[in-house]
2 protein chains.
Amino acid sequence: MTDATVAQNLKVACSNCNLRELCLPVGFSPDDIDRLDEIVKNRRRVKQGDSLFNDGDPFTSLYAIRTGFFKTSVTTDDGREQVTGFQMAGEIVGLDGIVNEQHSCHAVALEDAEVCVMPFANVESLSREFPVLQRNVHKIMSREIVRENEVMMLLGNMRSEERIAAFLLNLVQRLHTRGFSKTELVLRMSREEIGSYLGMKIETVSRTFSKFSDLGIIEIKQRFVHIKDADALKKICNPQVC
Amino acid sequence: MTDATVAQNLKVACSNCNLRELCLPVGFSPDDIDRLDEIVKNRRRVKQGDSLFNDGDPFTSLYAIRTGFFKTSVTTDDGREQVTGFQMAGEIVGLDGIVNEQHSCHAVALEDAEVCVMPFANVESLSREFPVLQRNVHKIMSREIVRENEVMMLLGNMRSEERIAAFLLNLVQRLHTRGFSKTELVLRMSREEIGSYLGMKIETVSRTFSKFSDLGIIEIKQRFVHIKDADALKKICNPQVC
DNA sequence: AAAAGACTTTGATACAAATCAAATTTCTTT
DNA sequence: AAAGAAATTTGATTTGTATCAAAGTCTTTT
């Protein structure tokens, strides 16, 4: 362990982390709250473009994102990439590694990031002790399953305009939960990565953004997006109902 | 509780269930194995075409499939259905319900089925007591996340022939694990349901089967499939490598 | 500040799969 | 066993998105 890591350890404390409500359970009793800090071993910085873990890496820990933005992706043997998700502060990555004790996807930082390293052995032992933490871990995994169900619906049933609309609404909603604007956002990922996530080619992503812009639904300048008409986006996602 | 349910309770015993290795952890000590039986409250029969649970139903239990075959699906407000998976004996359904304490998908029996009802409260309390069970529950959820990642790859990146090839190989592999043939299977789902799962229309599913049949890769008669050339299917899934 | 490189947008064309349509086969009901 | 309904297959045509191509914009390097 380097001196830098040791120094960081002093700061590691879930008990007064401002993200706690996002990533850990509420309802811990005041007496037990300090025990929660055992869950995090240390923090780790990941530079933009670097991997937090790769397909095939041995699984040891889950990672709670403190700052920064990640993508996760799977790749075929012949080199095709499918982005499986974009993760932001307060979200957990690494759940894919539990089943085979090794990771089956890549997690790459899309901007400089810092994560809390939670050795899975700690997560499991504390979960046995604290039912509220156990329930939280189960909910996090279940949430991921439900999210992926929704992505399957996007990929299997929706046309490209619906996919982009749903994507923008989802991003801005999650950012809003974190205190950011309801209407403005900065895309941390490239058009290519958006396309990979949504099963579209880069040109189609670009054309769809342009179309929404022409229709006055959004303003878009590079990676900056202003959602001018969220209702229109909702209508596009869900044509019959709205 | 009806008399029928009571009678069934007498038979419910994970400790000598022939599916135990599929659905529950190995490595339980002989002393503890009986405790495992507490996890199942009772069994429930589900007729072909009936729902085990529906979107919106309150979540109380996970279900281990004893016999029969299920599909799970999500639906949009405007009525589009996306099949999210097909489940067979030894597999667990209901994980989607944990996060919001209500189900977000439907589970429908594709043939007469019987499931073990595992109240989630029991699963959680026994998990706290038995680390090997806790680990198993985590693995089951992680496996589902990894499976959905693979489906995202199918839907986002693969063409229809690749999807069908991967689908057939996956089904026959899971059946083989359960002691069935490596080369012959009976599809329990309609062409429509296959198409919904794979993001294809029924006509494309049919054409793709016909093409594989013409190429001598499979024989197909209605729902019966004989895989004559598994290597060819693997080659189709993964063109560069094989 | 110029040059090089990466990323994005826009246009023209091609193609895989969807849609529309009809025939065939299988299953269900009487 | 016949009639009707449902599911599946096959054919013809359309269409949404991919592909190919080129121009434009932004970022990084020298």
Side-chain angles (χ1 to χ4, degrees), chain A residues 47-49 71 79-83 108 110-112 154-168 186-215 217-225 236-237 239, chain B residues 47-49 71 80-83 108 110-112 153-168 186-215 217-225 236-237 239:
Chain A
K47 282 245 163 87
Q48 181 170 27
K71 70 167 176 181
R80 285 179 281 186
E81 180 187 35
Q82 173 71 37
V83 171
V108 175
L110 296 180
E111 58 181 10
D112 289 354
L154 269 191
L155 292 173
N157 266 298
M158 314 264 251
R159 36 249 277 355
S160 58
E161 289 179 22
E162 299 177 87
R163 297 183 199 189
I164 292 285
F167 170 72
L168 288 175
V186 175
L187 301 171
R188 299 297 173 185
M189 68 296 283
S190 68
R191 301 289 189 267
E192 181 114 48
E193 288 159 338
I194 296 170
S196 172
Y197 182 57
L198 298 176
M200 304 160 53
K201 292 294 160 188
I202 186 171
E203 295 94 331
T204 309
V205 174
S206 180
R207 276 185 242 275
T208 308
F209 280 143
S210 298
K211 180 167 183 191
F212 286 176
S213 178
D214 292 347
L215 290 170
I217 297 172
I218 63 172
E219 269 176 57
I220 184 162
K221 178 102 203 283
Q222 291 295 115
R223 295 192 169 189
F224 168 84
V225 181
I236 289 167
C237 289
Chain B
K47 282 245 164 86
Q48 181 171 27
K71 70 167 177 181
R80 286 179 280 187
E81 180 188 36
Q82 173 70 38
V83 171
V108 175
L110 296 180
E111 57 181 11
D112 289 354
M153 169 63 83
L154 270 190
L155 292 173
N157 265 297
M158 314 265 251
R159 37 244 287 352
S160 58
E161 289 179 23
E162 299 178 89
R163 297 182 200 189
I164 292 285
F167 169 73
L168 288 176
V186 174
L187 301 171
R188 299 298 172 185
M189 68 295 284
S190 68
R191 301 289 189 267
E192 182 114 46
E193 287 159 338
I194 295 171
S196 171
Y197 182 57
L198 297 176
M200 305 161 51
K201 291 294 160 188
I202 186 172
E203 294 95 331
T204 309
V205 173
S206 179
R207 276 185 241 275
T208 307
F209 280 143
S210 298
K211 179 165 183 192
F212 287 174
S213 178
D214 291 347
L215 290 171
I217 297 171
I218 63 172
E219 268 176 58
I220 185 162
K221 178 103 205 280
Q222 290 294 116
R223 296 192 170 189
F224 168 84
V225 181
I236 289 166
C237 289

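Residue numbers start from 1 in every chain, and the chains themselves are labelled A, B, ... in the order their sequence lines are given, proteins ahead of strands.
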Treating B/S206 as the side-chain partner and B/I202 as the backbone partner, does any N or O pair qualify as donor plus acceptor under 3.5 Å?
no
Scan B/K211 against the nucleic acid and name what it touches under 4.0 Å (heavy atoms): base, sugar-phosphate only, or nothing.
nothing
When rounded to whole Å, the CZ to P distance for the pair A/F224 and D/dT27 reads 15 Å
For D/dC20, does either OP1 or OP2 sit under 4.0 Å from a side-chain N or O belonging to A/K201?
no
Would you tell me whether A/D112 and A/Q48 have side-chain atoms, one donor and one acceptor, within less than 3.5 Å of each other?
no
Quick one: how far along DNA chain C does chain B reach, first to last nucleotide 5' to 3', anything under 4.0 Å to a heavy atom?
C/dA17 to C/dT26
With 3.5 Å as the limit, what N/O pairs link the protein to nucleotides 5-11 of chain D?
residue, atom, partner, partner atom, Å
D/dT8, OP2, B/R191, N, 3.4
D/dT9, OP1, B/R191, NH2, 3.0
D/dT9, OP2, B/R191, NE, 2.8
D/dT9, OP2, B/S206, OG, 2.9
D/dT9, O5', B/S206, OG, 3.0
D/dT10, OP2, B/S210, OG, 2.4
D/dG11, N7, B/R207, NH1, 2.9
D/dG11, O6, B/R207, NH2, 3.0

Looking at SG of B/C237 and CD of B/E161, how far apart are the two atoms once the value is rounded to the nearest 0.5 Å?
11.0 Å
Counting distance only, does the side-chain N/O of A/S196 pair as donor-acceptor with the main-chain N or O of A/E81 below 3.5 Å?
yes
Please tabulate, for side-chain N and O atoms in residues 187-195 of chain B, each donor-acceptor pair with protein atoms closer than 3.5 Å (sequence neighbours left out).
residue, atom, partner, partner atom, Å
B/R188, NE, B/E111, OE1, 3.1
B/R188, NH1, B/E111, OE1, 3.2
B/S190, OG, B/E192, N, 3.4
B/S190, OG, B/E193, N, 3.1
B/S190, OG, B/E193, OE1, 3.4
B/R191, NH2, B/Q222, O, 2.8
B/E193, OE1, B/S190, N, 2.9
B/E193, OE2, B/K71, NZ, 3.1

Just checking B/G195: base, sugar-phosphate only, or nothing, at a heavy-atom cut-off of under 4.0 Å?
nothing
Let me confirm one number: the CG-CZ distance from B/L168 to B/F209, rounded to the nearest 0.5 Å.
5.0 Å
Distance, nearest 0.5 Å, that separates CZ of A/F212 from CD1 of A/I220
10.5 Å
Test your reading of the model: is there a side-chain donor-acceptor pair from B/T208 to the backbone of B/T204, 3.5 Å cut-off?
yes
